Amino acid sequence: MKKILVVGASGQIGTELTLALRNKWGIDQVIASDIKTEKPAVLGPGIYQTLDILERDAVRKYIIEEKIEVVYLLAALLSATAEKQPDFAWKLNMESLFTILDLAKEGYLKQVFWPSSIAVFGSTTPRTDTPQYTVMEPTTVYGISKLAGERWCEYYNQHFNTDIRSLRYPGLISYKSPPGGGTTDYAIEIFHEAKRRGTYNCFLSKDTALPMMFMDDAIRATMELMEAPKEHLRIKSSYNLGGITFTPQEMANNLQRHIPGFTIHYAPDFRQSIADSWPKSIDDSYAREDWNWKNTFDLAEIIKIMLQHV
Ligand code: NAD
Ligand code: SER
């Protein structure tokens with residue numbers, strides 16, 4: 001049994017991924033770690049280690065001494081937050097990756113998962129059914145860090161025979177842990193505000209179509225990719241991952257069926273130009289062919305579940 005470390009385990013994805021990994025591999029096999037000193041209640045029992053991924057020596061010591069063999073590296077600044085602190089976003093998103101990549105290169109880590117994003121694409125990319133291989137000119141510091149990270153993952157896999165795996169997640173929708181400062185966060189905030197106040201002030205315009213996915217699908221995709229036979233994986237950088245596409249207006253129209261009288265207002269801010277540079281929908285045929293990926297949750301189901309739990 002391999003010992004697993006989740007870095008950034010207190011975040012939106014980290015909480016749910018830690019729970020899913022513990023469910024599959026056992027509570028003692030999966031260590032949750034985060035810079036946050038307090039363990040989120042949702043994580044429940046199991047080891048929680050406060051760790052700053054930027055403290056390279058301390059992280060190396062911990063991983064080597066604890067004989068960790070698999071790392072899920074989730075610590076990062078997301079798109080909107082990164083635009084406010086570009087220098088720090090670049091430092092965190094890149095230095096964290098190199099610390100983990102180097103441990104893989106040196107043979108300590110047998111497998112690594114590192115998420116990329118639809119943010120690797122830019123306004124010169126074809127926006128509908130965006131293919132795996134296409135023009136990639138991201139205009140955000142977040143997107144630049146993800147694209148650079150992808151290239152480094154592929155470089156390490158090709159030159160050092162490492163096993164680094166990655167997905168270009170779309171916007172993820174969940175209720176167990178709040179989102180961390182992304183452009184797609186509106187699709188979560190809207191549920192909280194609809195239930196609390198019956199109205200939502202959306203920071204994107206009504207017709208901004210973006211690729212989205214329910215967290216359960218994203219966690220399953222992550223685990224399926226990590227368990228896929230290495231020889232089946234043609235993509236050594238990061239796999240496109242599709243999901244569903246909707247606009248704020250389509251989301252609001254569907255919500256009105258459940259919450260009569262719900263209203264939405266639009267006040268686009270700096271996040272609009274980020275969203276405008278991203279694809280509307282993603283072609284994930286490589287994932288479908290290589291490891292049998294299939295998205296399952298549609299918008300109607302997502303809304304039903306979110307309204308039950310938020
Ligand atoms: P999040 O902001 O919710 O969680 C990130 C976690 O990392 C937080 O708990 C934070 O405390 C922790 N962290 C920050 N700095 C740290 C440090 N120095 N050391 C250790 N931990 C630190 O983010 P998320 O939504 O869970 O995203 C996780 C990863 O997935 C990121 O790489 C993100 O770019 C990627 N991603 C997320 C989405 C999405 O929609 N949520 C979409 C595409 C890609
Ligand atoms: N959901 C993420 C963001 O909006 C995409 O990587 O930043």
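Atoms within each ligand, like the ligands themselves, are counted from 1 in listed order. Computation of the quantities below employed the complete heavy-atom set of this structure, encompassing side-chain atoms and omitting hydrogens, waters and symmetry-equivalent molecules. Bear in mind the structure is a predicted one, so any value in this text is a computation, not a measurement.
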Enquirer: Taking the six-membered ring of W25, is NZ or CZ of K3 closer than 6.0 Å to its centre and within 45° of its axis?
Expert: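 No.
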Enquirer: Among Q256, E250, R257, whose side chain to side chain donor-acceptor pair (under 3.5 Å) with N254 holds?
Expert: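 Single pass found, and it is R257.
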Enquirer: Please state which part of Q12 comes within less than 4.0 Å of ligand 1, counting heavy atoms only: side chain, backbone, both or neither.
Expert: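 Contact part for Q12 vs ligand 1: both backbone and side chain.
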Enquirer: Treating Ile, Leu, Val, Met, Phe, Trp and Tyr as nodes and any side-chain heavy-atom pair under 4.5 angstrom as an edge, say whether Y156 and Y239 lie in one connected cluster.
Expert: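 They do not share one cluster, since no chain of ILVMFWY contacts under 4.5 Å joins Y156 to Y239.
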Enquirer: Regarding E16 and S177, is there a side-chain donor-to-acceptor distance under 3.5 Å anywhere?
Expert: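 No, because no side-chain N or O of E16 sits under 3.5 Å from a partner of the opposite role on S177.
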Enquirer: Can you report which non-hydrogen protein atom sits closest to atom 2 (O) of ligand 1, along with the distance?
Expert: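 Looking at atom 2 (O) of ligand 1, the protein heavy atom closest to it is G180 CA, 3.4 Å.
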Enquirer: Looking at atom 23 (O) of ligand 1, what's its closest protein heavy atom, distance included?
Expert: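 Minimum-distance protein heavy atom for atom 23 (O) of ligand 1 reads L78 CD1, 3.3 Å.
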Enquirer: Of all the non-hydrogen atoms in the protein, which one sits nearest to atom 34 (O) of ligand 1, and at what distance?
Expert: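 Result: Y142 OH, 2.5 Å.
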Enquirer: What is the closest protein heavy atom to atom 43 (C) of ligand 1, and at what distance does it sit?
Expert: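 Result for atom 43 (C) of ligand 1: Y169 CB, 3.3 Å.
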Enquirer: Which one holds for P170 and ligand 1: side chain close, backbone close, both close, or neither close, with close meaning a heavy atom under 4.0 Å?
Expert: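 For P170, only backbone atoms sit under 4.0 Å from ligand 1.
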Enquirer: Relative to ligand 1, is A119 under 4.0 angstrom through side chain, backbone, both or neither, heavy atoms considered?
Expert: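 None of A119 does.
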Enquirer: State whether Y266 and K206 meet the cation-pi test: NZ (Lys) or CZ (Arg) under 6.0 Å from the six-membered ring centroid, and within 45° of the perpendicular axis.
Expert: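 No.
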Enquirer: Using a 4.0 Å heavy-atom cut-off, which part of R168 comes near ligand 1: side chain, backbone, both, or neither?
Expert: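 Under 4.0 Å from ligand 1, R168 contributes no heavy atoms.
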Enquirer: Compute whether any side-chain donor of one residue and acceptor of the other, for T199 and T263, lie under 3.5 angstrom apart.
Expert: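 Indeed, the side chains of T199 and T263 share at least one donor-acceptor pair under 3.5 Å.
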Enquirer: How does L92 reach ligand 1, by side chain, by backbone, by both or by neither, if only non-hydrogen atoms under 4.0 Å count?
Expert: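 Only the side chain of L92 comes within reach of ligand 1.
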Enquirer: I would like to know whether K146 and R168 meet side chain to side chain contact (heavy atoms under 4.5 Å, CB included); could you show each step before the answer?
Expert: CA-CA 9 Å; K146 290 296 184 187; R168 292 171 180 157; over 6 Å; no
Enquirer: For atom 28 (C) of ligand 1, what's the nearest protein heavy atom and its distance?
Expert: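 The closest one turns out to be L74 O, 3.2 Å.
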Enquirer: Give me the nearest non-hydrogen protein atom to atom 26 (O) of ligand 1 as residue plus atom name, then the distance to 0.1 Å.
Expert: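 Minimum-distance protein heavy atom for atom 26 (O) of ligand 1 reads I13 N, 2.9 Å.
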Enquirer: Establish, from distance only, whether the side-chain atoms of Y72 and T18 form a donor-acceptor pair under 3.5 Å.
Expert: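 No.
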Enquirer: Just to be sure I read this right, does ligand 1 sit under 4.0 Å from the backbone of W114, its side chain, both, or neither, counting only heavy atoms?
Expert: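 Neither; nothing of W114 gets under 4.0 Å from ligand 1.
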Enquirer: What protein heavy atom sits nearest atom 19 (N) of ligand 1, and how far away is it?
Expert: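 The closest heavy atom on the protein side is I53 N, 2.9 Å.
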Enquirer: Give the C-alpha distance, both sets of side-chain angles, the deciding distance and a yes or no for salt bridge (charged side-chain N to carboxylate O under 4.0 Å, His left out) between R56 and D102.
Expert: CA-CA 11 Å; R56 184 179 164 98; D102 286 340; 3.0 Å; yes
Enquirer: Nearest protein heavy-atom contact for atom 10 (C) of ligand 1: which residue, which atom, what distance?
Expert: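 Residue, atom and distance for the closest contact: D34 OD1, 3.5 Å.
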Enquirer: Taking only heavy atoms of the protein into account, state which residues are under 4.0 angstrom from an atom of ligand 2, in chain and number order.
Expert: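 Ligand 2 is contacted, at a heavy-atom distance under 4.0 Å, by L78, S79, S117, Y142, G171, G182, T183, T184, W278.
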